[in-house]
Amino acid sequence: MQHLPKSFFASNRTRVGQFIGEAGHVFLFGNRSGVRDDTDTDLEVRQEANFFYLTGVLDANYSAVITVPTGELTLIAPQMSPDDPIWYGALPSLAEVKEKHGAERVIEATAAPAFLGELKQSKIFVINEDFKRLAIAALPAAAAGEASIDTEKLMEALIESRMIKRPEEIAVLRRVNKISSDAFVLMMQEARNCRYEHELESIFMSYARRRGCRHMAYLPIVGAGNNGAVLHYMANNAPLKKTDLVLVDAGAELDLYASDITRCFPMSGTFDERQRTVYTIVLNAQKAVATMIRPGVDWTDCHLAAERVLAEGLLAANILRGSLEEILEKRAMSVFFPHGLGHFMGLAVHDVGGYPKGVERIQKPSLQYLRCRRVLQEGMVITNEPGIYFNEELVRRAKENAEVSALINWEEVEKYRGFGGVRIEDDIVVTADGCESLTTAPKEIEDIEKVMRS
Ligand SMILES: [Mn+2]
């Protein structure tokens with residue numbers, strides 16, 4: 001099911017055309033169908049995000065040409081074999097495709113060379129060098145040599161456009177966030193009957209599928225105990241122990257739009273002292289960031305603010321020692337909070353636009369992993385996901401770093417061996433005067449415990 005109207009895609013075409021700011025033709029390639037290795041077993045096709053954004057077409061093997069600045073859409077239909085209807089069902093006619101997607105014209109693949117041959121008279125915009133190679137291969141040989149193909153302006157325009165979500169997109173993001181949030185509730189309710197991480201994973205995925213989400217936005221992370229400290233853990237097959245805190249980072253996808261939620265809950269159903277201590281620190285940091293998010297705020301400052309609240313918490317918990325300023329200055333927080341605070345989210349879970357031109361990554365521990373260094377604007381959608389982890393590799397490195405090691409109370413850290421980690425992640429829309437969370441999954445300790453009892 002697709003929830004976005006064709007008028008949405010039409011306005012994306014004119015919008016991206018305006019950002020390109022120069023007449024010509026955008027030449028796009030949708031994703032192709034394929035088979036598994038040397039078999040005839042079909043692979044799932046997920047449409048290329050930019051192709052979807054500008055055409056609304058989910059089916060495989062289409063190409064498209066968009067006239068800039070008019071936004072006129074020409075779809076090039078896949079080359080079909082006469083027997084395809086036997087195996088794949090009746091195919092839509094060109095007229096049906098034209099009507100469904102509001103295209104100005106839809107042409108057969110066999111008619112493409114003649115049509116594409118005309119494009120050489122104007123500039124051709126493609127997404128990148130890979131697409132330039134595809135474009136050259138698709139153009140008739142005579143036109144390919146003469147064509148002027150730009151590989152930069154289109155992607156820059158797409159980033160400008162995709163970075164700011166329109167109301168229609170926010171509606172889909174809200175819908176998929178609700179589905180994922182509800183899946184988290186179900187997972188928490190059924191956790192007491194689960195014996196392995198993959199059982200929790202399957203509750204999440206099966207619920208999302210039942211609600212119409214065929215794909216996950218990314219591979220779910222279900223890490224119990226120590227596995228929760230492995231940032232991209234995805235084996236999801238370890239046994240669950242009553243003493244474990246389990247970290248689940250999962251998000252369904254709907255109409256190619258992502259959700260990305262992390263929650264942590266105790267397998268016993270009740271947070272013990274260690275779990276409560278670390279969880280509360282992370283929740284406080286997440287809430288502190290939520291009060292900051294508004295247009296005009298630099299995301300780098302939000303990250304640093306989160307780091308400060310986490311450091312204050314670890315000092316109070318006697319896990320860090322020394323002065324707060326020294327801890328922050330020496331980057332000691334990168335031992336426990338090694339990743340960035342969040343990232344843009346949309347047609348990709350780690351969406352485009354995190355770094356404006358000229359802004360570089362900060363080459364300091366943990367800050368180098370920040371996926372966004374933008375000043376926030378209304379309509380941006382970003383994740384707020386601070387965390388604290390007892391990651392074996394980071395703990396080992398910290399012990400070898402005299403300057404950082406002196407700021408850590410190792411006796412206390414020893415008590416958290418095998419604990420894993422806590423991350424709390426919500427998906428946030430920047431509004432005119434603040435922000436709104438799309439994520440409704442419970443995150444207060446009392447609320448999680450209540451859901452787990454129900
Ligand atoms: Mn995330």
Side-chain angles (χ1 to χ4, degrees), residues 229 231 264 273-294 296-343 354-355 359-376 382-417 419-426 428 434-435:
L231 296 174
C264 299
E273 198 190 322
R274 285 187 320 171
Q275 292 164 346
R276 186 174 287 269
T277 300
V278 178
Y279 192 91
T280 305
I281 296 170
V282 176
L283 188 57
N284 287 342
Q286 207 221 25
K287 286 177 177 172
V289 170
T291 65
M292 286 177 74
I293 298 176
R294 69 188 63 247
V297 172
D298 190 323
W299 188 246
T300 315
D301 293 334
C302 292
H303 177 96
L304 294 172
E307 216 172 66
R308 180 173 286 269
V309 177
L310 294 172
E312 283 167 349
L314 290 179
L315 268 172
N318 204 23
I319 291 167
L320 287 173
R321 58 187 174 197
S323 85
L324 178 61
E325 296 313 318
E326 194 183 4
I327 287 163
L328 296 173
E329 208 257 312
K330 301 251 165 80
R331 306 294 313 143
M333 273 312 295
S334 68
V335 177
F336 302 102
F337 176 38
H339 58 76
L341 175 65
H343 49 83
Y355 279 72
V359 174
E360 300 299 327
R361 296 215 173 219
I362 301 171
Q363 294 304 330
K364 287 184 181 176
S366 82
L367 287 173
Q368 83 259 33
Y369 294 118
L370 254 180
R371 286 195 172 98
C372 175
R373 287 198 62 210
R374 283 265 181 191
V375 173
L376 299 177
I382 196 159
T383 64
N384 177 8
E385 48 175 314
I388 290 178
Y389 314 85
F390 297 88
N391 175 292
E392 284 174 2
E393 175 66 11
L394 289 170
V395 165
R396 187 187 66 73
R397 289 187 197 179
K399 279 184 177 155
E400 289 171 0
N401 178 338
E403 214 175 50
V404 168
S405 180
L407 298 166
I408 295 172
N409 181 355
W410 289 107
E411 214 172 293
E412 198 61 27
V413 169
E414 189 56 36
K415 295 181 191 163
Y416 287 85
R417 185 189 284 268
F419 173 88
V422 170
R423 174 167 66 256
I424 307 171
E425 175 176 30
D426 289 341
I428 309 292
C435 66

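Model, not experiment: these values are computed from the prediction.
Leu310 contributes atom CG, which lies 9.0 Å from atom CG of Asn284 (distance to the nearest 0.5 angstrom). Distance check, rounded to the nearest 0.5 Å: NZ of Lys330 to OG of Ser405 gives 12.0 Å. Distance CG/Asn318 to OG1/Thr277: 11.0 Å, rounded to 0.5 Å.
Residues Asn384 and Glu425 bring no donor and acceptor atom of their side chains to less than 3.5 Å of each other. Checking Tyr369 against Arg361 by side-chain atom types alone, no donor-acceptor pair falls below 3.5 Å.
Ionic pairing of Glu400 and Arg397 is not present here: no N-O contact between side-chain nitrogen and carboxylate oxygen is shorter than 4.0 angstrom. Salt-bridge formation is detected for the pair Glu325/Arg308: a Lys NZ or Arg NE/NH1/NH2 atom is positioned less than 4.0 Å from an Asp or Glu carboxylate oxygen. Looking at Arg276 and Glu273, no side-chain N of the basic residue comes within less than 4.0 Å of a carboxylate O on the acidic one, giving no salt bridge.
For Phe336 and Phe390, the gap between ring centers is short of 6.0 Å.
The side-chain heavy atoms of Tyr355 and Arg371, taken from C-beta on, include no pair separated by under 4.5 Å.
For residues 311-332, the set of pairs meeting the ring-ring contact (aromatic ring centres under 6.0 Å, His included) definition, not counting sequence neighbours, is empty.
Qualifying ring pair (Phe, Tyr, Trp, His ring centres under 6.0 Å) partners for His343, counting only residues two or more places apart in sequence or in other chains: His350.
Because its NZ or CZ atom is both nearer than 6.0 Å to the ring centre of Tyr416 and within 45° of the ring axis, Arg274 counts as a cation-pi partner of that residue.
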